[in-house]
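Per chain, numbering begins at 1; letters A, B, ... match sequence-line order.
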Amino acid sequence: MRSDGLELVARDVSVQFEGLKALSDVTLAVPRGGITGLIGPNGAGKTTLINVLTGFQPVGAGSIELEGEPLNGIAAHKLRHKGVARTFQSGRLFRDLPVVDNLEVTGVGLGQTRRDAIAEAQRVLAWLGISSLANTIAGALPYTDERRVAIGRAIMCTPRYLLLDEPAAGMSEHESHDLAAIIRRIAGELNVGVLLIEHNIGLVLELCERIFVLDSGEIIEVGTPAEIRDSDAVRHAYMGTQRDELIPPIVAEAAVAS
Amino acid sequence: MSTRPSVIRQTIVTPIILIVALLIMAALTYQFGSRAFNRTAVEMFINIMVVVGLYVFVGNSGLLSFGHISFMCLGAYMTAWLAIPPVMKSITLKGLPAWLLHTQLPMWVATPISGLFAAIFALIIGRVIMRLSGIAASIATFGLLGVVNNVYSNWDSVTGGQGSIVGIPPTMNVWIGWLGATAAIVIAYLYSISRSGLALRATRDEAVAASASGINIVRERLIAFVVSAFIIGLAGALYAHFLSIVNPGAFYLRTTFVTLSMLVVGGMYSLSGAVSGVVVMSVLIELFRNLEKGISLGGHTIALPNGAQEIAIGAITIVMLMYLPTGLSRNREFSWRGWPLQRPLARPVQTALKELN
């Protein structure tokens with residue numbers, strides 16, 4: 001089911017860090033209920049773009065709109081109240097708290113009582129199929145479980161949009177397959193607009209309906225997975241100047257290196 | 001999966017153990033202690049209030065504060081203004097407004113008012129200071145201590161300046177001290193299981209992720225700041241009733257560092273740590289105080305030089321920070337089923353001092 005016309009949009013966004021242009025005139029739209037991909041080499045500005053969309057990084061120029069409502073200069077925690085959630089490359093779980101409390105914190109942050117937040121946390125854990133982790137201290141989790149808990153924390157109280165910053169980094173093929181199923185369910189069952197940032201290009205091509213390619217702070221290509229696969233500009237950005245080489249289906253080395 | 005018992009059911013044991021343990025200490029002191037020992041016990045109970053108040057802010061937010069003793073100062077002077085007989089006030093504190101000059105309130109009324117006064121002051125100041133993070137926040141609280149101390153040392157017509165104001169009714173005893181400590185522990189416990197307490201501990205561990213979870217860091221810090229100021233304001237009020245005199249020097253660097261080292265020694269991220277730190281350090285301080293006075297051995301009197309007490313406190317704090325940075329309690333809480341019940345943390349918990357690096 002798609003709610004048509006509802007989007008989280010970055011329009012002509014530019015960000016500068018002391019003279020260095022991190023993003024220049026980037027326009028990107030994430031529709032409700034769909035999965036949008038964002039790929040690009042290291043240092044292309046992908047994380048900066050996520051930070052802009054979630055209120056962690058003020059925009060230099062341009063605007064952010066949430067379903068038509070302008071959001072410039074809004075604080076990160078307020079944006080979460082409006083339904084824009086995210087995960088982090090490094091996980092950033094509350095390491096001293098049990099898994100269920102990690103999720104509970106979001107419920108409390110969004111205004112629930114502790115009792116309601118715990119109930120919601122247990123519902124989300126069950127929905128993700130990781131109820132068995134509920135009482136484990138988050139700092140003791142293996143890497144892949146950490147990622148799933150981070151996603152659970154982000155989808156507490158069902159946000160409208162979810163921005164995933166390299167959720168599959170370091171995962172085996174089997175694990176990233178499980179992850180893909182979860183991401184599909186989040187978009188399909190919960191009608192959440194997902195923006196997926198990934199180095200695992202195979203995963204992005206498999207999941208996303210529309211893919212944006214960022215290089216040196218600029219969007220160099222937008223299109224369906226088939227179009228991206230065939231794009232000269234993308235091949236150029238990833239591979240240097242060899243225009244004839246194919247994009248490998250899974251760039252595992254890049255994922256490990258990040 | 002089974003539903004968890006409620007938050008209160010899981011954690012209520014901790015404050016009960018602490019309060020009962022202190023009650024036993026109070027009863028023993030009352031029954032067997034000398035007059036001097038009773039005074040030492042009252043001082044310990046007041047320090048428990050101060051350190052538990054510090055814990056509410058430092059323990060939950062992870063920010064080190066050097067400014068909380070100024071709330072003790074505010075509470076103590078407010079009590080002096082409210083509780084000293086009007087006859088004495090009109091001589092020593094001519095600058096007070098007329099309505100205050102003519103009031104005299106009993107301890108039971110003056111103490112909560114003093115706590116509220118400190119809390120309101122914290123609400124105003126905190127709106128500015130709580131926007132800062134890390135070492136900037138700590139330095140700002142230190143500035144607060146300096147400013148409050150300067151005002152109270154120099155506003156002669158209202159605070160008596162550097163000198164002491166006398167005449168506060170000396171109505172303290174161990175039971176009231178225990179009651180004060182109990183109130184502090186209950187408030188601190190209720191805060192730490194509250195929504196704000198949980199949210200603030202999340203910001204302590206991962207500030208960025210906490211914002212992404214919808215938590216307003218400045219607001220949660222401010223709530224803890226105000227609650228802790230209220231507790232320490234109460235402590236200041238009882239301290240004024242205990243000594244029956246107040247002077248600004250009592251609420252400055254020495255008290256700040258002694259109470260902070262009590263918190264560090266006990267373990268600054270747990271309520272049990274805050275309380276046990278005070279008990280342990282009070283025993284040591286009392287021991288060194290007696291050694292400074294001298295003990296006689298077969299006609300000879302052996303005495304440590306004055307100041308050995310302070311040196312010992314400093315040395316103990318340094319050793320604790322080096323070898324046991326999570327304090328005597330290891331940042332865990334007392335509970336039944338052996339101590340401590342909670343499973344060991346997966347990695348050493350960073351102390352608030354990491355913010356200084």
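Of the atoms belonging to A:Ala76, heavy atoms from both backbone and side chain fall under 4.5 Å from chain B. For A:Leu93, the part sitting under 4.5 Å from any heavy atom of chain B is the backbone (N, CA, C, O) and nothing else. Within the 4.5 angstrom heavy-atom criterion, only side-chain atoms of A:Arg153, from C-beta onward, approach chain B.
Judged purely by distance below 3.5 Å, without hydrogens or angles, the side chains of B:Ser270 and B:Ser329 pair a donor atom with an acceptor atom.
Interface check for chain B: of the options A:Pro159, A:Ala117, A:Gly111, A:Cys157, the most heavy-atom pairs under 4.5 Å are formed by A:Gly111. In terms of non-hydrogen atom pairs under 4.5 Å with chain B, the most contact-rich of A:Lys82, A:His81, A:His77, A:Arg80 is A:His77. Annotation: maximal heavy-atom pairing with chain A below 4.5 Å, among B:Ala210, B:Ser196, B:Ala199, occurs at B:Ala210.
Ion pairing between a basic and an acidic side chain is recognised when a charged N comes within 4.0 Å of a carboxylate O; A:Arg160 and A:Glu67 show such pairing.
When all heavy atoms of A:Ile197 and A:Lys46 are compared, the pair lying nearest together is CD1-O, 3.5 Å.
Here the rule is ring-ring contact (aromatic ring centres under 6.0 Å, His included) with B:His68, and of B:Phe121, B:Phe142, B:Phe225, B:Phe257 only B:Phe225 fits it.
Rounding to the nearest 0.5 Å places CD1 of A:Ile130 at 7.0 Å from CD1 of A:Ile182.
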